*Asks:* 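Below you'll find the structure I mean.
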Amino acid sequence: MQTAKQDVAALLEQLPEGGSLADVQYRPHVIGKIRRGLDRAESGGTLSQVQAEARPDKWLVNRSLVARGATKT
């Protein structure tokens with residue numbers, strides 16, 4: 001794995017001449033998010049397919065109850 005300094009040097013080499021500061025900030029931001037996600041996945045911080053599919057259903061049921069004025073039990 002590269003060091004942060006090596007990552008930044010590679011980023012600057014790949015940046016087009018007209019690149020903005022936003023361009024410089026965006027790539028490390030995205031790479032950091034991806035790395036954190038991969039680390040979380042490796043440490044067991046993921047959901048199964050069934051769990052992931054159940055989340056929107058639960059949210060939609062709770063939201064419809066709120067819309068009708070019911071309280072969550």
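For the numbers below, each heavy atom of this structure counts, side chains included, while hydrogens, waters and symmetry mates do not. Just so it is clear, the model here is predicted, and its values are computed rather than measured. Residue indices begin at 1 and follow the sequence shown.
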*Asks:* By side-chain contact (heavy atoms from CB on, under 4.5 Å), which residues pair with Ile34, not counting sequence neighbours?
*Replies:* Val30, Leu38

*Asks:* Return each pair, listed once, that meets side chain to side chain donor-acceptor pair (under 3.5 Å) where at least one residue sits in residues 16-26; pairs must be two or more places apart or across chains.
*Replies:* Ser20-Asp23

*Asks:* Could you pull out every donor-acceptor pair under 3.5 Å between side chains of residues 44-52 and any protein atom, sequence neighbours left out?
*Replies:*
unit_1, atom_1, unit_2, atom_2, d
Ser48, OG, Gln51, N, 3.1
Ser48, OG, Gln51, OE1, 3.3
Gln49, NE2, Glu53, OE2, 2.8
Gln51, OE1, Ser48, N, 2.7

*Asks:* Using a side-chain heavy atom cutoff under 4.5 Å and only I, L, V, M, F, W and Y, what cluster partners does Leu21 have?
*Replies:* none

*Asks:* Does anything in residues 6-15 pair up under salt bridge (Lys or Arg N to Asp or Glu O under 4.0 Å), and if so which pairs, sequence neighbours excluded?
*Replies:* Asp7-Arg35

*Asks:* Output all residues satisfying side-chain contact (heavy atoms from CB on, under 4.5 Å) with Arg36, sequence neighbours left out; order by chain, then residue number.
*Replies:* Lys33

*Asks:* Is the backbone of Leu11 close enough, under 3.5 Å, to the side chain of Gln14 for a donor and an acceptor to pair up by distance?
*Replies:* no

*Asks:* Rounded to the nearest 0.5 Å, what separates atom CG in Asp39 from atom CD in Glu42?
*Replies:* 6.0 Å

